[in-house]
Amino acid sequence: MGQLLNIKDLEVVYQTKNIVVEAVNGINLSLGKKETLGLVGETGAGKTTMALSILKILPERTGKVIGGSIDFDGLPILDLNETEMRAIRGARISMIFQDPMTSLNPTLTVGEQVEEGIILHDTEYKTKVEVKSRVDEILELVGIEPSRKKCYPHEFSGGMKQRVVIAMALACSPEVLIADEPTTALDVTIQAQVLSMMDDLKEKLGMSMLLITHDLGVVAKICDYVAVMYAGEIIEYGTFEDFFINHKHHPYTKGLFGSIPNIRDRSKRLNPIEGLMPDPTNLPMGCKFHPRCKQCMEICKVKPPQIYVNGTHRVKCHLFEKQEVE
Amino acid sequence: MYKYVLKRLLYILPILMLIILIVFSILNVTPGNPARIMLGADASQELVDNLNEELGLNKPLIQRYLGYLAGVFRLDFGISYRSQAPVFNEILGNFPTTIRLAVFAVLTSALIGIPLGVLSAVRRYSLMDMSFTVSALVLASIPNFWLGIMLMLIFSLRLGILPSGGIGSLSHYILPVLTMALPSAAYILRMTRTIMMETMRQDYIRTAKAKGASPARIIFRHALKNALLPVLTSLGMNFAQLLGGTLIIEAVFGLPGIGSVILKAMQMKDVPVIMAATIFLAVLFMLIMLLIDIMYAYIDPRIKAQFK
Ligand SMILES: Nc1ncnc2c1ncn2[C@@H]1O[C@H](COP(=O)(O)OP(=O)(O)O)[C@@H](O)[C@H]1O
Ligand SMILES: [Mg+2]
C-alpha cells in the first residue's frame, strides 16, 4: 500500500488537574492516496481526538500525544514545529468539523472565511482577482451562489453552512480531507445531499478522505476501508468487502452493525449496544470491550487481545486467536 | 438603522418622565422645607409661608410634577433656591467638566483594560497574567476616594508633578481621571480576560486554527471582534458607575462638575438643582447606552440584520 498518511501506535491523553482521560490508546491506521477510510464507533471512542492529533490542534494544555508517530507524505507530523504545521493545515490536510452551526465565525462574511485559507497559504492564486475568482469557483463547486459570499453565516441554513465549511476546507485543494461526522448535525433530508456532494468532490479533486461517521449507509456507499474504533483502539479494520463477506467479526462490530448482510441497507444507523463505553479515566484490564461482550472468556479479562490478520482484514479479539490455534 | 436610532431616542422620553416622577416624589417625602432652609431658622413662619406660596410648594404633588414636566420640555428647570439664577444655566456651566471626566475615564479604562485583558487571556496562567489578576483585585477592592487621596499625596504633594485640584489645564484632569479609571480598568481587564478565554474555546476558533491561521491572526481577526461585544456591554455598565463616582471624585479634587453641584444642592435642599442634575445625568447615561447599542450593531452582523 503506497500510503499518504500513516498513524503508528498513537496514544493521546487529556490531562486535567488530577484526572487523565485515555482517549486514544495505540492506534495504527493508514490512508492511501485517493482512498476513503470510514471511521466508525460510539461517541467517546476517541475519533475526534485522533483527527485533531493529525492536525496537532488538540486542546492546548490538556490534550497531549504521549506516544506513537504520524507520518504524512514522509513528514513526521509529531516532530514538526508550529510554523511547519501551519503550512500543512488547511493547505495539505483540511478538516471539516461536526457542527456547521458553530464552526463558522459569526462576525466574518462567508467570502472572507472561504478566502482566508487561500490567502494564508502559498497557493497558485496570488493576486486579489485570482483569489476572488477562486472563491467564486469553490463556492460554485459546493453549490452556493458566488454572489452570496457577502452574506454572514447567520443568513444561511444548516446545510448551506456545512457547504461553506466544505468550501473552506477544499479551497486550497488539500491532499487529505478529514471529515468529522460532517452530516450528524444536519437534517436527514440534507445529509444525503451533502454526502454525495462530498463523494463527488473527493473523486473530482483526487483527495484522500478520512470520514468519521455514524451512518453505515455512508460507509457502504463511499468508503474503501472501514475502521471500527472502541475505547481509543481500532478493534476491526478491513475493506468494505471484508466486513460484508467475512464472517469473523469482533463482537462489538457485530453488535454495532446488527446483522451484517443488512449493511447495504442505506441510511442504517449504528445499533445501540447494551452497556456503556468504559470510563476513559479508568479503563478495564484485558480487552476493553470485555465487560459488555456476550462472548467474553476468562482470558479477555486479563490479557489484551492480539490482532488477528487475514489479508486486509484485521480483528483485535481473543476469539480468533483461539481459532487460529485450533 | 436610522429608524432604530430614532426609535431608541423616543424611548428616552417615557423613561425620563418616570425618572423625574421618582426623584420628585423622593425629594418631597424627605424632611426639611426648602423655604425654611433658604430663609434660615430665625425667619418668621409668615415669611416662610409666603415664600412657599410664591414657589408654588403648597400645590398638590401631581400638579407641581406636571408643571415641572412642561417646563423641562422648554428647557426651563426653574430657579435655584440658593442662587436665584436659572438652574439650566448653572448646570450647563458645570456639565462639561463632568462629561469630560467620565468620558476620559471610560476611554482610559477601556484602553488599559481591554488590551491587558486580551494579553492576560492569551498568556493565561503566566506570571504576567497572575500579576494582572492580583493588581486588578487590589484596585477593584480599594475605595475610590482613598485611591484619589493616595494619588494626590504621591503625585502632587510628594513629587509635585501634577496639580492636586481645581481646573485650568488638561493636567488637572489626569489624577481624577486615573482615580476613576483604574478600578474600572481592573474590572474591564478581568471581564475581557474571561470573555476572551471563552471566545478562544469556540468552535470557529478551532476552524481558523485548522485553516492554518497564526495565533496573532486568530486573536485579532477571529476572536477579538466576537469578544468585544460583551466587553462593550460591561463598558456601558461601568459608565453608569463612573457617573455615580464623579460625585465623590469631584469633591476630592475640588472640580466644579455636576457632582459638586449636586452635593451643594443637597445640603441646601435646592430641589430644582438636584432635579435638573439628575435629569442631565439620566439623559447622558441613556445616550451612552444608545451609542453602545449602535456600536454593537456595527460589530455584530446578526444584530445589524434585525434593524435593516
Ligand atoms: N478537552 C477534553 N478534555 C478532557 N477530556 C476530553 C476532551 N475532549 C474529549 N475528551 C474525552 O476523550 C474521549 C474521546 O473523545 P472524542 O475524541 O471526542 O470521541 P468521539 O469523537 O469518538 O466521540 C471521551 O471520553 C471524551 O470525554
Ligand atoms: Mg467526535
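Residue numbering restarts at 1 for every chain, and letters A, B, ... go by the order of the sequence lines. Here the structure is a predicted model, which means the values were calculated and not measured.
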Using a cut-off of under 4.5 Å for heavy-atom pairs, which of A:A91, A:P106, A:P174, A:G90 has the most such pairs with chain B? A:P106
Checking heavy atoms, do the side chain of A:S94, its backbone, both or neither come under 4.5 Å from chain B? neither
If only side-chain N and O atoms count, and only distance matters, is there a donor-acceptor pair under 3.5 Å linking B:E250 with B:T98? yes
Hydrogens and angles aside, do A:T109 and A:K149 bring a side-chain donor and acceptor to less than 3.5 Å of each other? no
Please check if atom NZ in A:K64 has more than 12 non-hydrogen atoms from other residues, nucleotides or ligands closer than 6.0 Å. yes
Name the member of A:T102, A:L104, A:N105 that forms the most heavy-atom pairs with chain B at distances under 4.5 Å. A:N105
Without hydrogens or angle criteria, can the side chains of A:Y14 and A:T49 be said to hold a donor-acceptor pair below 3.5 Å? yes
Quick check on A:M101 against chain B: is it the side chain, the backbone, both or neither that has a heavy atom closer than 4.5 Å? neither
If you count heavy-atom pairs within less than 4.5 Å of chain B, which of A:Q98, A:R61, A:Q113, A:E112 leads? A:R61
Please flag which part of A:L52 lies under 4.5 Å from any non-hydrogen atom of chain B: side chain, backbone, both or neither. side chain
Within residues 4-22 of chain B, which residues come under 4.5 Å of chain A, heavy atom to heavy atom? none
So, are A:R89 and A:E84 salt-bridged, with charged N and O less than 4.0 Å apart? no
Assess the side chains of A:R86 and B:S214: does a donor N or O sit below 3.5 Å from an acceptor N or O? no
Row check, A:Y152 ring normal vs B:R302 NZ/CZ: under 6.0 Å, within 45°: no
Is the shortest side-chain heavy-atom distance between A:I212 and A:L39 below 4.5 Å? yes
Using 4.0 Å as the upper bound for N to carboxylate O, is an ion pair formed by B:R201 and B:E198? yes
Quiz question: by atom type and distance under 3.5 Å, do the side chains of A:S103 and B:D203 form a donor-acceptor pair? no
Among residues 219-239 of chain B, residues within the sub-4.5 Å heavy-atom range of chain A, in order of number, are B:R221, B:H222, B:K225, B:N226
Any salt bridge linking B:R217 with A:E116? Criterion: basic side-chain nitrogen under 4.0 Å from a carboxylate oxygen. yes
Heavy atoms of A:L55 and A:M95 approach each other most closely as CD1-CB, 3.5 Å
